[in-house]
Amino acid sequence: MIEPPRPKPKLSSVISLSDFEHAASKSLPGSSFAFLKSGAEDEYASNWNRDSWKALRFRPRVLRPIDSVDISCTLLGTKLSAPFFICPAGGAKLANTKGDLCLVKAAARHGILHWVCNNSAISQQDMANARAPDQTLYWQIYPMTDLEVTEKQIKEAVRLGYKGFALTVDAIRAGKRERDLRMAIVDTEEDEGDDLEAEESFAKEPSVQRPPVWSSFDWKSSIEWLRKMTNLPIAIKGIQCWEDALLCMEYGVHPWLSNHGGRQLDSAPSAMDTLLSIRKNCPEVFDKCEVIVDGGVTRGSDVVKALALGAKGVGLGRPFLYSLVFGEAGASKAIRILKHEIETTMALLGVTSLDQLNPSYVETSSLYSYARSVL
C-alpha cells in the first residue's frame, strides 16, 4: 500500500533551505518534484555540487571586534544588499503558477538580484512590469535555432531596462535526466510492446522542454553577435574549466562557473572545482573579470566560501524554486535565512565586510581527500 503524502509543513517550521526541498517533496505532484530535483544520469554531478562546498573547511580568526557585519556588494555594476542572487532556473511554474513573479517581488523586497529565466512562464514585459521602481533585473539568453527570435528577445530586454545578460552555453543538447524520465514513464503507463521502431523512452527530452538551441557558435562569433546588440555586462554561463575562464577574460566577458545544476553532463566539475583551478592556473581572471558561481549552494556558509576564493556573486536555483510552494512568502524567507547565515558565518570568521574575505579563511586541502572517501 502506497503511503499518502503527509501534509505540507508550515512555513513557520522552515529554518533552512533544505526544509524547503522537504516541503516541496511533500506537496508537489511527483512529476513536478522529479523535474526540479533531477540531475543527469546517476546524479553524481548534482550531488558533488553540494558535497564539494561542504568538503571545504574554514579557518576562523578570533579576538576581532565584530560590532556589525555588512554583506552588501556590487555585481556587474548593480548595487545589491547581499552577494547571492536568484538563478535563471526553469520550472518555477511547477511549484507555483505565478512563481517567477513571486521571485521578482521577493528579490525587490530584500534588495537582491533576480536573473530572469529565459524559459519563464511569464513574459519579459510582465516580469519588467512587476519590478519595484529601484529594482534591477538581468536576462538569461538561450540562442535558439532561429536566431532572429533570440535577437528580438535581447533587444526587447534592453528596451525594457534589463541591465545584464547571461549566455547559457552548456545545454546544446538536453542531459539525460533519469529521475525525470522514470516519473514520465510511470505517468504515461504506455505499453510500447516490442516495436523496434517505437520511440525509445531512454532518449526522451526532459518533461519541461524548451525550443532547440543554436549549436554552431564559437567564442568569436557568439561575442560579436551579442555585442552588435548590447554593451551591457555579459556573463558566459556554463564555464567548467580554467581554460574557458581565461577565454572569457580575453573576450571581455565574465565567467559563470556552472554545470547546469548537474543536469547536463554527469561527472562534470562543480563550480568549486573550477573556482580552485582558476585560482591555480590563471588567477589574473579574478582581477579582470567578475567570477560568478552556482550549483549545490544550500547554506550561507557555502556563499562565504565561494567569496573567500574569489567569486563576486553566488547563484541559487533549486532552493528558490522549492520555496515557491509557499509563494512569495517562501522566497522571502529563503532570502532572510541566507542573509542571516552569511552574517553569522562572517562574524564567526572574524570579518565584518565582504572585502575582507580572502583564501586564507578556507582550507582547500580537505576537498579532494573528501572526494576520495566518497568514491
Side-chain angles (χ1 to χ4, degrees), residues 49 73-78 80 83-92 100 103-104 107 112-120 122 124 127-128 135-144 147 149-158 160-172 210-211 213-215 217 219 221-240 244-245 247-249 251-264 268 271 274-275 278 285 289-295 297 306 311-318 320-321:
N49 282 350
C73 69
T74 298
L75 181 62
L76 302 183
T78 298
L80 303 165
F84 63 88
F85 62 89
I86 300 172
C87 268
D100 290 294
L103 294 176
V104 171
I112 72 164
L113 176 66
H114 181 198
W115 212 308
V116 177
C117 178
N118 180 277
N119 200 29
S120 170
I122 311 296
Q124 280 179 307
M127 297 287 273
Q135 184 179 7
T136 295
L137 298 177
Y138 290 177
W139 178 254
Q140 178 199 26
I141 301 167
Y142 270 113
M144 299 179 188
L147 281 180
V149 173
T150 304
E151 289 169 4
K152 289 178 181 177
Q153 287 182 346
I154 295 170
K155 292 174 182 177
E156 179 68 358
V158 172
L160 291 171
Y162 290 78
K163 296 300 184 182
F165 293 94
L167 177 67
T168 297
V169 295
D170 60 354
I172 56 173
R210 64 171 179 272
V213 299
W214 182 262
S215 60
F217 272 139
W219 282 91
S221 62
S222 62
I223 304 305
E224 288 181 350
W225 173 73
L226 286 169
R227 285 304 180 205
K228 288 178 180 177
M229 292 175 281
T230 180
N231 288 316
L232 290 167
I234 294 171
I236 304 299
K237 184 178 185 295
I239 300 301
Q240 296 166 79
D244 282 346
L247 284 169
C248 285
M249 184 187 76
Y251 279 92
V253 292
H254 304 278
W256 185 329
L257 315 185
S258 174
N259 61 22
H260 218 96
R263 293 162 74 80
Q264 286 296 102
T274 310
L275 191 62
I278 295 171
V285 168
C289 301
E290 295 190 26
V291 177
I292 301 167
V293 302
D294 77 38
V297 175
K312 292 297 184 183
V314 180
L316 294 92
R318 286 187 182 96
F320 281 112
L321 297 183

Shortest non-hydrogen contact from V285 toward A245 | CG2-O, 4.0 Å

Distance-minimising heavy-atom pair for N49 and G261 = ND2-C, 3.6 Å

Are T78 and Y138 linked by a side-chain donor-acceptor pair shorter than 3.5 Å?
-> yes

Which distance, rounded to the nearest 0.5 Å, do you find between the CD1 of I292 and the NE2 of H254?
-> 7.5 Å

Looking at CG of D100 and OG of S120, how far apart are the two atoms once the value is rounded to the nearest 0.5 Å?
-> 3.0 Å

Which value, rounded to the nearest 0.5 Å, describes the distance between K312 atom NZ and C289 atom SG?
-> 11.5 Å

Could you tell me whether a side-chain N or O of T230 sits under 3.5 Å from a main-chain N or O of R227, the two making a donor and an acceptor?
-> no

May I ask you to check whether W115 and W256 place their ring centers less than 6.0 Å from one another?
-> yes

Here the pair of heavy atoms bringing A89 nearest to G317 is CB-CA, 4.1 Å

Is a side-chain donor or acceptor of T168 paired with a backbone partner of K237 at a separation under 3.5 angstrom?
-> no

Once you round to the nearest 0.5 Å, how far does SG of C248 lie from CD1 of I234?
-> 10.5 Å

Taking all heavy atoms of I141 and all of N118, pick out the closest pair and write down the distance.
-> CA-ND2, 4.3 Å

Close side-chain approach of L160 to M127, heavy-atom, < 4.5 Å = no

Spacing of CD belonging to Q264 relative to CD belonging to Q240, to within rounding of 0.5 Å | 9.0 Å

Is W225 atom CH2 crowded by more than 12 heavy atoms from other residues, nucleotides or ligands, each under 6.0 Å away?
-> yes

Closest approach of A306 and L275, non-hydrogen atoms and distance?
-> O-CD2, 3.8 Å

Contact check, side chains of I236 and I223, non-hydrogen atoms, under 4.5 Å | yes

Ignoring hydrogens and angles, tell me if any N or O in the side chain of E290 forms a donor-acceptor pair with the backbone of G77 under 3.5 Å.
-> no

Is any side-chain heavy atom of F85 less than 4.5 Å from a side-chain heavy atom of L80?
-> no

Check against side-chain contact (heavy atoms from CB on, under 4.5 Å), V104 and Q135 = CA-CA 9 Å; V104 171; Q135 184 179 7; 3.8 Å; yes

Least distance between heavy atoms, A311 atom then V293 atom = CB-CG1, 4.1 Å

Are side-chain heavy atoms of V253 and L226 found at a separation under 4.5 Å?
-> no

Name the orientation class of the two ring planes belonging to W139 and Y162 (parallel below 30°, tilted from 30 to 60°, perpendicular beyond 60°).
-> perpendicular

Contact check, side chains of P143 and L167, non-hydrogen atoms, under 4.5 Å | yes

Hey, does M229 have a side-chain heavy atom less than 4.5 Å from the side chain of V158?
-> no

Quick one: pull up CG in L321 and CD1 in I86 and give me the separation to the nearest 0.5 Å.
-> 9.5 Å

